[in-house]
Every structure is written in C-alpha cells, then in structure tokens.
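In what follows, a single structure is set out as structure tokens and then discussed.
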Amino acid sequence: MIAVAMSGGVDSSTAAVLLKEQGRDIVGLSMQLWNQRRSLPGDEVASEEQELKRSGRCCSIDDIWDARRVAAHLDIPFYVLNLEDEFEKTVVAPFVGSYLAGETPSPCILCNNYVKFNHLVERASQIGAEKVATGHYARVRHDQALGRWLLLRGKDTRKDQSYFLFGLTQDQLSKTVFPLGELSKPEVREIARCAGIPTFDKPESQEICFVQSGSYADFVEKYSGIQQDKSGSIVNAEGRVVGEHAGIHRYTVGQRKGIGAAGKPQYVVQIEPGLNHVVIGENSLLQRKRFALRDANWIAIETIEKLDGPIRCDVQIRNRFEPQPAAVWMEDGEVLVEFDSPQRAITPGQAAVFYWDEVVVGGGWIKS
Amino acid sequence: MRRVYLDSNATTPIRPEVVTAMMPVLTEHFGNPSSIHWFGQHAKSMIDDARQHVARLINAESSEIVFTSGGTEADNFAIRGMAESQKAKGRHIITSKIEHHAVMHTCQDLEKQGYEVTWLPVSRDGAVDPDSVRRALRPGTILITIMHANNEIGTVQPIEEIGRIAEEADVYFHSDGVQSTGKIPIDVRRLKVDLYSMSSHKIHGPKGIGALFIKKGTILKPLLTGGGHERNRRSGTENVAGIVGFGHAAKMARESMATDMARVGELRDLLEAALKSRIEFIHVNGENAPRLPNTTNIMVDYAEGEGLVISLDLKGVAVSTGSACSSGSMEPSHVLTAIGKTPDEAHGSLRLSLSALTTREDVEYVIEVLPGIVERLRDLSPYYKKV
C-alpha cells in the first residue's frame with residue numbers, strides 16, 4: 001500500500017490519480033499541522049469575540065477539506081493525521097529561532113525533512129503503507145552501480161522542487177514515490193481536469209502556511225514573546241552607525257535598505273546577531289565566492305569526508321537561482337563551498353544544494 | 001470489503017422498522033402539529049404516540065417528555081435552564097470530571113458567567129463516589145449533574161444513591177442519560193432525577209432528535225422561545241419525522257432490551273476475553289466498576305490509538321480512540337485523564353462499542369484482525385521490545 005500525502009492541491013491530487021490508475025492500493029493522508037486557535041505568548045488575552053472568530057479554524061482546514069473532497073471523488077480511504085506537535089517542534093520553533101539568530105530560514109525544507117518524510121512516513125508505515133507518495137516535481141531512482149538511491153530534478157525544470165528535498169536520507173528516498181517527476185505542470189493540470197479533480201484549477205499556495213495574518217516578523221515576535229525592545233543599530237561597512245533597526249529578524253541579506261551618501265542604493269550585506277547590528281552597504285559588498293555549510297546531507301555520494309580533493313558541481317543557494325559552478329570540500333571538519341565567480345547575497349539560513357547536472361549530490365544549510 | 005461497525009456509542013444504524021415508521025411523515029403526513037386541520041391533527045397524534053413510547057422507556061409520564069434537537073440540547077436546556085431559574089437561590093453546581101462535552105463545556109461556560117462549579121473526581125474505574133457529592137453540597141448549590149453512563153468507558157454511575165442525596169438536600173438533579181437510555185433499564189422515579197437527557201441516534205433512531213425528561217412541577221427556563229411548542233418548554237415546529245423515529249426506536253428498545261443486551265454483554269465479554277488472550281499488554285479501562293454491557297475501552301500498550309483506528313478501518317472495522325468528538329485533536333481524553341491515565345496511555349486507548357445489531361461474526365472478525373495490527377504497530381514502536 002502507498003500513502004499519498006494529500007494537500008487538496010492539484011499536484012498531490014494528481015499524484016493520487018496516477019497511482020490509482022496504475023492500480024496501486026492507495027490511502028490518502030492529510031496533515032493537520034498548525035492550529036490558529038493556539039494562542040502565542042505575545043497575544044493579548046483574546047476577547048470573546050476574537051475567540052469566536054478564531055474557533056475551529058486552522059491554517060490548512062480548507063486544504064484538508066479539499067483533500068477530503070478529492071479522496072471521496074477518487075473513492076480512496078482518507079485520514080487526517082494530527083502532526084501539530086511535531087510541526088511546531090521541528091519547523092515553527094526553528095523558523096523563529098533562525099530569524100532571531102539573524103538568518104533567513106526555509107521552513108518548507110524543514111517540513112519536508114522532519115514532518116513529511118519523517119513523521120508522516122512513520123505514521124504511514126504504522127497503518128501498513130510501505131511507501132509515501134507526494135506531489136513534488138522531482139524524481140527518485142535506484143542506481144545499481146552506486147548502490148544508492150538518487151534524487152533527480154523533476155523533468156519540468158521550471159517546476160522542479162528537488163532543491164527542497166536535499167535533506168532526504170537513503171532510507172527516506174527508498175520509501176518515497178514522486179508520481180509527477182516525469183510530467184510538466186500543464187500535463188498535470190490536464191490529467192487532473194480529465195480525472196474530474198474538483199480542485200484542478202486551484203491556485204498554488206505561496207505563503208508560509210502558519211503565518212496567516214500580518215507579516216512573518218510579527219509572527220516571530222508574537223511566537224517568541226518578545227516584550228523588550230529589540231531595536232539596534234544599522235551600521236555601514238566601516239562600522240559607523242547610520243540608523244536604527246526594529247529587530248534583526250526584520251531583515252534579510254540582500255534586501256534593499258535606503259540610499260547611500262553617493263546616491264547609490266544600499267543593501268543589507270550582513271546581520272550580526274551578537275552585536276545586534278544590521279550592516280548595510282553597496283551592492284558590490286554582497287558579492288562573495290566562499291561560504292561554510294552546516295548539517296550537510298549527501299545523496300549521490302556516501303560522504304564528502306572520504307574524498308581526497310574537492311568535488312566540482314553546480315550549486316544552488318536559493319529557490320529561484322541558476323546553479324553556478326563551484327568546488328566543495330571538507331576542511332577542519334567543515335564543509336566549504338567556493339564559487340568560480342562571486343555570487344550575490346549568499347544568505348545564512350538558506351539551503352545550498354549541489355547538483356551534477358540533474359542529479360542532487362547533496363546539500364546543507366548556509367552558515368556564514 | 002467486510003464492514004464491521006463497533007462504534008455504537010458514537011452513533012448507531014437506524015433500524016429498518018424505524019425507517020418504515022418514519023416514511024409516512026416524510027411523504028403524505030407532512031402536517032404541522034400546531035395546525036387545526038386534519039393534516040395537523042394527524043401529525044400531532046403521531047407525536048403523542050412517540051412521546052408515550054419515550055416516556056415508557058424510562059417510566060416517565062408523557063407530559064414530562066420534551067423533545068429537543070438531541071442530547072446536547074437536552075443537556076444545555078437542563079443545565080442552563082436550571083442555572084437561570086435558580087440563580088436567586090444560589091450559583092453553585094456539582095458535576096463530575098468525566099461528563100460528556102455537552103455538559104462539561106456548558107458548565108465551563110457558566111463558570112465564566114460567575115457560577116461556581118465543583119468538578120468531582122472519579123475512581124480509577126471511573127466511578128463517582130456518592131459521598132463526594134454529599135460533601136460538595138452547600139447552601140448555594142442549585143444543581144447536581146452527573147451522567148448515568150460514560151460514553152468512553154461505559155461506567156454506570158450510582159445515580160440512585162446520588163438521587164437520594166439530592167432529594168434529601170432538596171437540590172435539583174440532572175443526569176445525562178444519552179448512553180444509558182435503551183441499554184439498561186431506567187426508572188426515573190427510582191433514580192430520583194428531576195431532569196434526564198436522551199438521544200435517539202444512540203438507540204437506532206434518527207439523528208437530530210432527543211428529549212429531556214422534566215419531572216412534573218419543575219420550573220425550567222426555556223432555551224428557545226417562540227410559538228410555545230412542547231407546552232411552552234421548547235419552541236419551534238416539531239421535527240415530526242425525527243420524533244416518530246425516536247418513538248419507534250424507544251418502543252423497540254423497551255421491547256427487546258433484555259434479550260438484546262444480554263446477548264450484547266456476552267459478545268462484549270467474549271471480545272474482551274479473546275483479545276486479552278491473544279494480545280499481551282492490554283488492559284480494560286473501568287473493568288471493576290459497573291459498566292454498560294455494550295462498551296469496552298481497551299488500553300493497548302506500545303501502540304498509538306490513531307494508528308490502530310486507521311489500520312482497523314482499512315480492514316473494514318470501525319472503532320474509535322478517545323471519544324469520537326475529540327478524535328482529530330491530540331488532546332488526551334479528559335475521561336481517561338480523570339481515571340489516572342497518562343497522555344501516552346490515553347492515546348493508546350481503543351473504544352469498541354456494540355449494539356443490538358452487532359453479530360457474533362462481527363466480533364469474531366475483530367478478534368481475527370486486531371492482533372496482527374497491534375503486532376505491526378508494536379514492531380515499529382521504539383518502546384516495545386519483545387520479551
């Protein structure tokens with residue numbers, strides 16, 4: 001039996017359609033991840049009116065509703081699993097912690113690593129499903145010669161989501177099915193339409209699912225219960241104070257920040273959590289070649305430690321980014337990456353993923 | 001796939017005879033019972049018949065039965081109505097920690113409005129100690145509300161003893177009888193209750209209909225005002241089809257309860273004994289207290305209730321974990337917490353509830369499939385090591 005992680009959207013619904021057409025025994029699972037009713041430490045005591053407004057809502061309740069409709073349409077068993085605790089522990093809390101440490105986190109990758117391909121797979125195996133399928137645009141293949149499971153970009157390179165999946169282990173990959181890996185988005189929509197999927201033209205979700213109202217910065221403040229003043233100095237590259245900021249979690253490396261003395265636009269070039277400083281400067285200061293990585297995960301190779309010299313590969317440092325050639329090696333217990341030519345805004349907290357053409361070699365989190 | 005339904009404390013299938021009894025109301029006998037004409041009179045007389053059947057089931061008089069939209073409304077009506085009617089006398093209510101949400105949340109709401117509520121603890125088997133009720137009484141006590149039988153573990157409370165205490169103290173006594181009605185003999189005179197809630201769909205009747213027994217002479221402020229239906233106690237045009245169905249289900253329950261429940265009790269005991277002998281590390285919650293004959297609540301160590309319920313459903317067996325209303329949230333059941341279970345233990349609990357329509361084959365099928373499912377879950381559990 002294969003468990004299909006269903007979000008109610010066109011992609012996961014089509015994944016279910018395809019597996020069903022192949023005659024596979026499938027079960028639909030949706031995850032309840034976050035309950036909007038939970039009050040955050042920074043919330044004022046909710047009035048009865050607010051309480052009423054909030055009651056019964058959770059960020060993805062409409063999605064779960066859609067998923068249930070799709071499952072009913074396909075006539076497959078469907079269940080909602082409550083993974084709120086796991087989601088908070090492995091996604092929401094680290095997301096907030098990352099911003100407070102001056103980084104720019106990628107919660108969707110954390111959710112894949114720890115919730116979907118860990119807890120969901122575990123729950124699925126409890127109910128007798130050997131594999132979990134999702135609607136990701138990526139491919140999994142077992143390479144006999146290497147004796148390893150490989151992760152490849154989706155055939156539709158514009159929709160490819162392999163970047164978000166770099167953290168999958170060999171064990172996780174061996175239990176994963178990506179039915180959309182060989183398809184393009186228009187093909188997927190067509191399959192969904194033909195199969196009568198009620199949500200075939202549903203727009204794609206873009207925002208961070210647990211930040212419902214207000215900005216992510218407001219969420220970070222509420223969740224962490226920030227009471228005291230988080231403001232600090234904005235300094236220029238020479239260390240001179242040029243302004244004040246309202247908390248480092250409100251800034252991202254590369255973000256434009258005012259106009260400099262010479263009339264040149266200024267950007268956030270660095271965030272220094274220890275000093276509570278936001279450093280700004282001209283665009284040229286954002287250009288760097290080298291960075292260090294933490295929590296690397298290797299897929300196409302066993303580990304980088306056993307290799308003699310650096311490996312050559314193309315490195316992607318955020319979602320919308322054309323991978324650039326670089327060398328990757330291990331030095332003093334740290335994985336280092338050096339691009340052949342400088343790249344703009346290498347942002348701590350984002351993932352760096354290494355490719356050999358369409359094969360994911362591995363990846364990790366940008367440290368500094 | 002074979003489908004076995006063992007979730008009768010959540011709801012029960014409607015008996016075919018009940019459907020047959022309801023059909024005329026859904027077709028030619030559509031009249032409004034308040035109307036003077038033939039159509040109205042016919043509807044009215046059908047309601048009267050149904051009211052008699054419901055009354056007889058608990059040894060009440062017809063005039064003491066008020067139809068409601070279900071058990072939840074009956075509980076709200078009893079508790080809120082009494083709180084309102086008696087507020088000049090006092091603002092203290094006594095209840096237990098294992099009530100159904102319809103009672104629990106209503107009492108919590110009254111707390112917010114300034115009423116004081118004493119939440120009585122229960123024994124490890126889920127029984128309320130009548131003495132604790134006596135001790136909780138005070139001059140401002142206006143209502144005691146203790147459920148007759150618990151929906152999750154099936155414990156039957158000492159209602160008669162509590163009723164005596166309430167009578168001596170001259171305090172109104174409500175009991176939520178949603179789970180006990182139709183499953184055990186009920187005599188509201190003997191129990192000395194003033195208010196008693198019932199629900200139709202737990203006894204093979206339709207959903208959306210229930211009733212509150214209100215002892216003659218009891219002043220109770222209505223929840224719903226309007227055209228003065230149900231002797232001014234509950235306004236709103238009657239749900240005639242529902243009432244007729246409820247009446248027929250009550251009639252059938254009264255006629256066959258003794259034989260049905262004896263058989264159901266045997267099947268439940270067979271189920272418990274077989275599961276205990278085939279699966280290690282399981283316990284029956286509330287085993288040592290008087291229980292409903294149809295309910296068993298089993299705690300399966302080293303297994304998640306959610307995984308058990310879904311795995312069973314994939315094999316065609318419908319059961320629940322926690323109480324049906326709280327499935328979908330990970331809050332451990334307040335009932336299992338009240339009998340001293342840890343959240344982990346509570347999450348590993350499974351409720352199997354039988355009905356008059358459950359067959360021996362149904363039970364045997366569960367005995368056949370459950371051990372394998374438990375084994376699979378335990379094999380995946382890091383806490384379980386085979387001895």
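Order of the sequence lines fixes the chain letters, A, B, ..., with proteins taken first and strands second; residue numbering starts at 1 for each chain.
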For [X], does the [atom1] atom sit with more than 12 other heavy atoms under 6.0 Å from it, leaving out its own atoms?
{"X": "A:R148", "atom1": "CZ", "answer": "yes"}
{"X": "B:K315", "atom1": "NZ", "answer": "no"}
{"X": "A:E302", "atom1": "CD", "answer": "no"}
{"X": "A:F78", "atom1": "CZ", "answer": "yes"}

Open item on the list: Any carboxylate oxygen within less than 4.0 angstrom of a Lys/Arg side-chain nitrogen, looking at B:E304 and A:R123?
Closed with: no
TODO: Go through B:I373, B:L314, B:V309, B:L312 and name the one with the most non-hydrogen pairs under 4.5 angstrom from chain A.
DONE: B:L314
Open item on the list: Does any part of the side chain of B:D313, heavy atoms only, come nearer than 4.5 Å to the side chain of A:P77, both counted from C-beta?
Closed with: no
TODO: For the residue pair B:E306 and A:L81, establish whether any side-chain heavy-atom pair is separated by less than 4.5 Å.
DONE: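 The answer is yes; the side chains approach within 4.5 Å.
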TODO: Could you look at B:I310 and say if it's the side chain, the backbone, both or neither that has a heavy atom under 4.5 Å from chain A?
DONE: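 Both backbone and side chain.
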